**Q** 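The structure that follows is given in the form of C-alpha cells.
Bear in mind that the values here come from a model prediction, so they are computed numbers and not experimental data. Naming convention: chains lettered A, B, ... in sequence-line order (proteins, then strands); numbering from 1 in each chain.
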Protein chains: 2
Amino acid sequence: MKASKVSEYSKHQLELATLAKALGHPARIAILEHLARVNACVCGDIVEELPLAQATVSQHLRELKEVGLIKGTVEGTSVCYCIDEENWKTIKEQLNTFFRELDAACQNCC
Amino acid sequence: MKASKVSEYSKHQLELATLAKALGHPARIAILEHLARVNACVCGDIVEELPLAQATVSQHLRELKEVGLIKGTVEGTSVCYCIDEENWKTIKEQLNTFFRELDAACQNCC
DNA sequence: TTATTTGATCGCAATAATACGATGAAGTGT
DNA sequence: ACACTTCATCGTATTATTGCGATCAAATAA
C-alpha cells in the first residue's frame, strides 16, 4: 500500500479494517473462543490449546491486545488473559454500526 | 508438536477468519460502505472513489465476491456490483453468533 | 545464591497480501 | 472492419504476516 494514499481512508474505515484484520486469523478466533468458553481468565495454557509454538501464540495474543479485544494481567510468574469487557462493548458497537449500514443497502439491485 | 494439541482449526473458525480477513482492509471497507451509501448498484466508478488503480480495485472486488459479501452482474460493457443480500444475511448471523459467544464470557476476571 | 518456570521479544526464513502497469477479453459505437 | 470502453487477469516488485528457535526478563522455588 502506498503510504501517501492511506490518508485517503476515513478514520473509522481504518479502525474497522484494523479490527477485522485482528480477527482475520483462525488462531486468534480460536484464542477468543477459548477465552469465552472457559468463562474465566486463562493463562499460558492457551498454548496447549493451539497447534502453535509459544512464541507464535504470544505474538497472536499481542495482536489481540493491541486492538483492545483482550487484556492480560500479570499474576506471579504467569499472565492471565481475558476478553476486555470494556473495550469489547465499544468494538461491538462499531461493528454493529457498520452492519446496520450494510443492512440499509441495495434492496432490489442487480 | 505436542500430541495433546489439536492440529487443525475448526471449520467455523476458518470461515470466520476468512470473512474477517476480507474485511481487514480499508479499501474493502470503503467499497462496501460506498455500495451501501448509493443504495443501488454501482459499476466501475468505484474506482473513482478510491485512491487505487483500476487493477487493484478489481482485485479487492474479487476478494469481496469470493467471500460472498458482494455480487457483480455484467451490464453491457460494465459490471454492476452490489452487496449480496442473500449471503449477507448468512454472514451476519455467523458474526452475531460469534459475538454472542464473546458476550457470554469473562464477567469478572483478571 | 542458583535453578526453574512463564511469557515476551528478537532474528530470520517462508509465505501471503498489496499495488500497479501491461495486456487480454468482451461489449459498444462508428 | 476499426476504435473505444470497461473490467479482469497476468507478471512482478514491494511490503506485511506468520511461525519458530533462541534468548531475555521477572517471579518463584530450591
**Q** Quick one: the side chain of B/Gln59 and the base of C/dA19, do they pair up donor-acceptor inside 3.5 Å?
**A**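 When only heavy-atom distances are counted, B/Gln59 does reach the base of C/dA19 through a donor-acceptor pair under 3.5 Å.
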**Q** Indicate, with a heavy-atom threshold strictly under 4.0 Å, whether B/Ser78 touches base, sugar-phosphate, or nothing.
**A**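 Contact class for B/Ser78: sugar-phosphate only.
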**Q** State whether B/Arg62 places a side-chain N or O below 4.0 Å from either non-bridging phosphate oxygen (OP1 or OP2) of D/dA8.
**A**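 Answer is no, no contact under 4.0 Å.
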**Q** For the residue pair B/His25 and A/Tyr9, categorise the inter-ring angle as parallel (less than 30°), tilted (30 to 60°) or perpendicular (more than 60°).
**A**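 Answer is perpendicular, since the angle exceeds 60°.
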**Q** State whether B/Ser58 places a side-chain N or O below 4.0 Å from either non-bridging phosphate oxygen (OP1 or OP2) of D/dA8.
**A**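 Answer yes for this pair, as a side-chain N or O of B/Ser58 is under 4.0 Å from OP1 or OP2.
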**Q** Quick one: is A/Tyr81 getting a side-chain N or O under 4.0 Å of the C/dA8 phosphate, OP1 or OP2?
**A**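 Checking A/Tyr81 against C/dA8: at least one side-chain N or O falls below 4.0 Å of OP1 or OP2.
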**Q** Is a donor on one side and an acceptor on the other found under 3.5 Å between the side chain of A/Ser58 and the backbone of A/Gln54?
**A**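 No, the answer is negative, given that no donor and acceptor are paired below the 3.5 Å cut-off.
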**Q** Within this structure, what is the CG-to-C1' distance between A/Asp45 and C/dT5, rounded to whole angstrom?
**A**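 Going from CG in A/Asp45 over to C1' in C/dT5 covers 14 Å.
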**Q** Does OP1 or OP2 of D/dC20 have a side-chain N or O of A/Thr56 closer than 4.0 Å?
**A**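 Yes, because at least one side-chain N or O of A/Thr56 sits under 4.0 Å from OP1 or OP2 of D/dC20.
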**Q** Is a side-chain donor or acceptor of B/Thr97 paired with a backbone partner of B/Glu93 at a separation under 3.5 angstrom?
**A**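 At least one qualifying donor-acceptor pair exists.
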**Q** Select one nucleotide: of C/dA19, D/dG21, D/dA8, the one nearest the side-chain heavy atoms of B/Leu61.
**A**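 Out of C/dA19, D/dG21, D/dA8, the nucleotide with an atom closest to B/Leu61's side chain is D/dA8.
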**Q** Hey, which of these two, A/His25 or A/Thr77, hits DNA chain D nearer its 5' end, going by closest nucleotide?
**A**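 This one resolves to A/His25.
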**Q** Between A/Lys21 and C/dA17, is there a contact of a side-chain N or O with OP1 or OP2 at under 4.0 Å?
**A**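 No, no such contact exists.
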**Q** Strictly below 4.0 Å: does A/His60 bring a side-chain N or O up to OP1 or OP2 of D/dG19?
**A**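 So the side-chain polar atoms of A/His60 do come within 4.0 Å of the phosphate oxygens OP1 or OP2 of D/dG19, strictly under.
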